[in-house]
There are 2 protein chains.
Amino acid sequence: MTDTTSLPSDLSKDRLRVWLRMLKVTRMIEAELRERMRRTWDITLPRFDVMAALRREEAGMKMSDLSGVLRVSNGNVTGIVDRLEGDGLVERRSVEGDRRAMRVLLTGNGRRMFDEMAAVHEQWVDELLSPIGAQGLSTVHTRLGRITDKLEEKD
Amino acid sequence: MTDTTSLPSDLSKDRLRVWLRMLKVTRMIEAELRERMRRTWDITLPRFDVMAALRREEAGMKMSDLSGVLRVSNGNVTGIVDRLEGDGLVERRSVEGDRRAMRVLLTGNGRRMFDEMAAVHEQWVDELLSPIGAQGLSTVHTRLGRITDKLEEKD
DNA sequence: CAAAAATGTTTCAAGCTTAAAATGTTTATG
DNA sequence: CATAAACATTTTAAGCTTGAAACATTTTTG
């Protein structure tokens, strides 16, 4: 019962099937992670994503860098950073030499909080993706990489 | 330069990497599809998803079936169906024998509109996933299937 | 150097999303 | 049969998301 039932001419249908399955998997995992994060730390996925991006840049990032890395709109980041700032997890500082720009960085609290969350988050992902072994991980990683490469080259 | 660099002990990091890449790919493709749908038909992805579900059920679906299939909350479906109804693409009918429930179905217009969109949508997906050939499709499909299977068995 | 173009951010309106509470209806149970 | 439990849906409040418009500032260019 292997996947050799479909004819080559149905390639397009197969792509649609794979796309729908990808969508299903990511939505299910995202829902599961969101739920656990909400219950464990009362935090949302978007906030976590912003903190993760900032954790990699000790010196902070400009708002526009943040929306670039996260691939979300500028206005979106404004709101999320507003709320994180309200919770004392990030801080906005002006960029010297450019009065338009803002540098956002994690506060000490933010960094401690994120590190704690990241460790658990990694375990959760490991658990949720456990049905895929080393071999599968490598092939999936490669195939998906080809897609992003192609999508990126036209930006 | 194959992917055999990581030690077995880093499996958890590899899973995180694959997860982040999956997230990236689906977000990029979703953004691209959303943008094209907006520009071509001025329609959103959630509306398209609802119509797709209804297209498979000539007789219509109850609101709760709809939210079950699409894996979104009940309240969410209420709003989307409201707007689709406002555009004359779907219709709400009462279910005989149960005054609580509602049966939602595509109108003639909705069906025509969806069929037109679905054909183009399939081409777009084919194009966006074109870097993956028949072989890759089959392996990716299988691996992802294992994850959904596991996530589903605990529902 | 003044005007125009580009850049960085925020604001806005509309729509999506969720969890939880509210409403109305049906089914189960004592 | 009354009432409790379950079910189907909607409403609500809060937050996420986008594209476009508005603002402020910096850079380019004629």
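Small disclaimer: the values here were computed from a predicted structure and weren't measured. Convention: sequence-line order gives letters A, B, ...; per-chain numbering from 1. Because only heavy atoms are used, hydrogens play no part in the values below, and waters and symmetry mates are left out as well, while side chains stay in.
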Of A/Val77 and A/Arg27, the one whose closest DNA chain C nucleotide lies more 5':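 Nearer the 5' end of the strand: A/Val77.
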Under 4.0 Å from OP1 or OP2 of [N]: is there any side-chain N or O of [X] that close?
X       : N      : answer
B/Arg34 : C/dC16 : no
B/Arg92 : D/dT10 : yes
B/Asn74 : D/dT9  : no
B/Arg99 : C/dT26 : yes

Below 4.0 angstrom, N of the basic side chain to O of the carboxylate: do [X] and [Y] qualify?
X        : Y        : value
A/Lys62  : A/Glu57  : no
A/Glu30  : A/Arg27  : no
A/Asp149 : A/Arg146 : no
B/Glu116 : B/Arg112 : no
A/Glu152 : A/Lys150 : no

Please report the distance, rounded to the nearest Å, between [atom1] in [X] and [atom2] in [N].
X       : N      : atom1 : atom2 : result
A/Leu70 : D/dT17 : CG    : P     : 9 Å
B/Asn76 : D/dT11 : CG    : P     : 14 Å
A/Glu35 : C/dT17 : CD    : P     : 17 Å
A/Asp42 : C/dA19 : CG    : P     : 13 Å
A/Ile43 : D/dG15 : CD1   : P     : 13 Å
A/Leu84 : D/dG15 : CG    : P     : 12 Å
A/Arg71 : D/dT18 : CZ    : P     : 12 Å
A/Arg38 : D/dA14 : CZ    : P     : 15 Å

Whether over 12 other heavy atoms sit under 6.0 Å from B/Glu96 CD: no
Closest listed nucleotide, where the reference is the side chain of B/Arg83 and the choices are C/dC16, D/dG15, D/dT10: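 Closest of the options to the side chain of B/Arg83: C/dC16.
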Side chain of B/Pro46 only, please: which of D/dC16, C/dT17, D/dT25 is the nearest? C/dT17
Remember a base hit wins even if backbone is also touched, and classify [X] as base, sugar-phosphate or nothing at under 4.0 Å, heavy atoms.
X       : result
A/Ser64 : sugar-phosphate
B/Ile80 : sugar-phosphate
B/Arg39 : nothing
B/Thr44 : sugar-phosphate
A/Glu30 : nothing
B/Arg47 : sugar-phosphate

What string of B, S and - do you get for nucleotides 2-7 of chain C, 5' to 3', when a contact is any protein heavy atom under 4.0 Å? -----B
Would A/Val125 end up clustered with B/Leu11 when hydrophobic side chains under 4.5 Å apart are linked, directly or stepwise? yes
Side chains of A/Ser12 and B/Glu122: donor-acceptor distance under 3.5 Å anywhere? yes
Looking only at side-chain N and O atoms, does B/Arg21 offer a donor or acceptor that is under 3.5 Å from a partner on A/His141? yes
Looking only at heavy atoms, what is the nearest atom pair of B/Ile29 and B/Leu129, with distance?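 Nearest heavy atoms, B/Ile29 then B/Leu129: CD1-CD1, 3.4 Å.
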With the threshold set at under 4.0 Å for non-hydrogen atoms, list the residues of residues 48-59 of chain B touching DNA chain C in residue-number order. none
